[in-house]
Each structure stands twice: as structure tokens, then as C-alpha cells.
Amino acid sequence: MTTKPKEPPARPDAGDNVPVGERAGSIVLRLDALGLDFHAADFPTRFIEFCEANDDCEMEINEAGELVILPMTGLRGNRQETETNIELGLWQRVNGGVNVSQSSRFRLASGAIRGPDAAWFTQERYDAATEEERETVFPGAPDFVVEIRSRTDNLAPLRRKMQLWMDGGTRLGWLIDPSNRHVYVYRAGQPEPELLENPETLDGEDVLPGFSFRVRQYIFDMQ
């Protein structure tokens, strides 16, 4: 079994001046050293079974075929995720589609299995999925994704993860950085995200028509 050393906790202003990799505090294990093929058809089901047997840990599979054991978010970070999912869920009840939280997993074309802090995708995609996919790992990237930077997160790995979502077919994404009161808005077809400095609200645009998220109230000003 091969491991990578933990990345030291980042300062809130560490920004992009850090190596690109996984989130600070993550433990990374090589699956090939364990004789596991993450491209195998039955791997998503086996992965979810493994996660359920080790439900004290939050895990993902990166595009290099490595098991990533993620650090705990912390109480405030969990509250920020919860508020985001509450507001997204209220919009979904009226407008349809499927919204999911940080415990859901999506399999990208690379074979990576990743989880967002909050996400939404169309009802048509859900209806087209198999029962096994609905129960385990959903195919493809969500149509809408939110990632929230925790106090120990380096920004560069999160920006890389957001780009992976966009490359996988996400149409709109928000990377929320509470430490600097910034939001990076990712849109399909745009090579670079738009940086918003201390916005009061975020707009769901044409992906989530009518959805307005009070990011300053629910994220930036949270005590």
C-alpha cells in the first residue's frame, strides 16, 4: 500500500501559490497497489459498499485511480453546506430536477468518482439512469455544482476540481471562497471563471432559472 504525505493546512490567503493536488489534510492511496481497477464496470458499486462499511470517512476516487480520504469539514463548513442545500432544495421542489448534497458521488468519463458540496441535475437524466446508478454512483457530472472552500483548503485543488466538473459536462458552477469573500463562477463554454468579490447574491442563470442564493447571508457572514 502506497500513501502520499498529508499537505499542510493552508493559510486563508494561500490562493494559487500552492502545488496542485488534493485538498489539504487528505490521505491518498494508490488503488493499483491494492490490485483494484477503478475503470471496472462493477467498481462504483464496490466503492459505495466500501464507503458504507467505513461511513466515518468521506472518500472519492481521483482521475489517477487513487482513493482519496477527505478531511472533516468542521462545524461551520458543514453549516455552510447545509444552508446551500436547503436553498437549492427549496428551489428544486418548485422547479423540478434532482438536488443532492455532499454524500452523493458522480462518475466522470476519466473514471474518477467525485462528490460536490451541493449539486443539481435534470429529471430527464435521473429517469434515464439505471436503478443501480441511482443507488450507487451517478454517471456524468451534475448540471450545476457548488464547492465551498473550508478554512484549511488550498484554493488550487478546488479550482482544479471545478474544472474537472466543467470538463465533465457541468453547465454552471460556483466555487465559494468564504475566507476572501470571493466566488468563482464557472460557465460552460467559457475558458476562465468569472471572479465576484463579496457578492450579496448569486444567480442560477439559465441553468436554474429564478434561483437566487444569498451567499453573503448564508456563507460569508455566518458566525
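Residue indices begin at 1 and follow the sequence shown.
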>> Any side-chain to backbone donor/acceptor pair from Asp153 onto Ser150? Under 3.5 Å, distance only.
In response: yes
> Which pairs count as salt bridge (charged side-chain N to carboxylate O under 4.0 Å, His left out) when at least one residue sits in residues 198-207, sequence neighbours excluded?
Replying inline: Arg187-Glu205
>> Quick check against the 3.5 Å criterion: does Arg79 have a side-chain atom that pairs as donor or acceptor with the backbone of Gln223?
In response: yes
> Centroid-to-centroid, Phe38 to Phe47, below 6.0 Å?
Replying inline: no
>> Nearest 0.5 angstrom please: Asp167 CG to Tyr186 OH, how far?
In response: 10.5 Å
>> The test is salt bridge (Lys or Arg N to Asp or Glu O under 4.0 Å); show your working for Glu49 and Arg46 and say whether it passes.
In response: CA-CA 5 Å; Glu49 290 173 350; Arg46 296 170 64 191; over 6 Å; no
>> For the backbone of His39 and the side chain of Asp37, can you confirm whether one donor and one acceptor N or O come within less than 3.5 Å of each other?
In response: yes
> Does the Asn78 side chain pair with the main chain of Gly74, one donor and one acceptor, at a distance under 3.5 Å?
Replying inline: no
> Can you check whether Phe138 reaches Val100 side chain to side chain, under 4.5 Å on heavy atoms?
Replying inline: no
> With distance as the sole test, does Thr84 use its side chain to make a donor-acceptor pair with the main-chain N or O of Gln80 at under 3.5 Å?
Replying inline: yes
> Any sub-3.5 Å donor-acceptor pair from Glu60's side-chain atoms to Gly115's backbone N or O?
Replying inline: yes
>> Under a 3.5 Å cutoff, is there a donor and acceptor pairing between the side chains of Asn85 and Thr82?
In response: no
> Can you tell me how far CG of Leu67 sits from CD1 of Ile61, rounded to the nearest 0.5 angstrom?
Replying inline: 4.5 Å
>> Nearest 0.5 angstrom please: Gln92 CD to Gln123 CD, how far?
In response: 8.0 Å
>> If we ignore hydrogens and angles and just use 3.5 Å, is the side chain of Thr170 paired with the main-chain N or O of Trp165 as donor and acceptor?
In response: yes
>> Test side chain to side chain contact (heavy atoms under 4.5 Å, CB included) on Val98 and Thr122; report intermediate values, then the result.
In response: CA-CA 6 Å; Val98 178; Thr122 65; over 6 Å; no
>> Measuring only between side-chain heavy atoms, which start at C-beta, is Asn62 closer than 4.5 Å to Ile113?
In response: no
> Is the closest side-chain heavy-atom distance between Ile27 and Val68 below 4.5 Å?
Replying inline: no
> Tell me the salt bridge (charged side-chain N to carboxylate O under 4.0 Å, His left out) pairs involving residues 80-109, sequence neighbours left out?
Replying inline: Glu58-Arg105
> Are Trp174 and Phe144 an aromatic pair by the rule of ring centers under 6.0 Å?
Replying inline: yes
>> Suppose the criterion is salt bridge (charged side-chain N to carboxylate O under 4.0 Å, His left out): which pairs have a residue in residues 213-223, not counting sequence neighbours?
In response: Arg181-Asp221
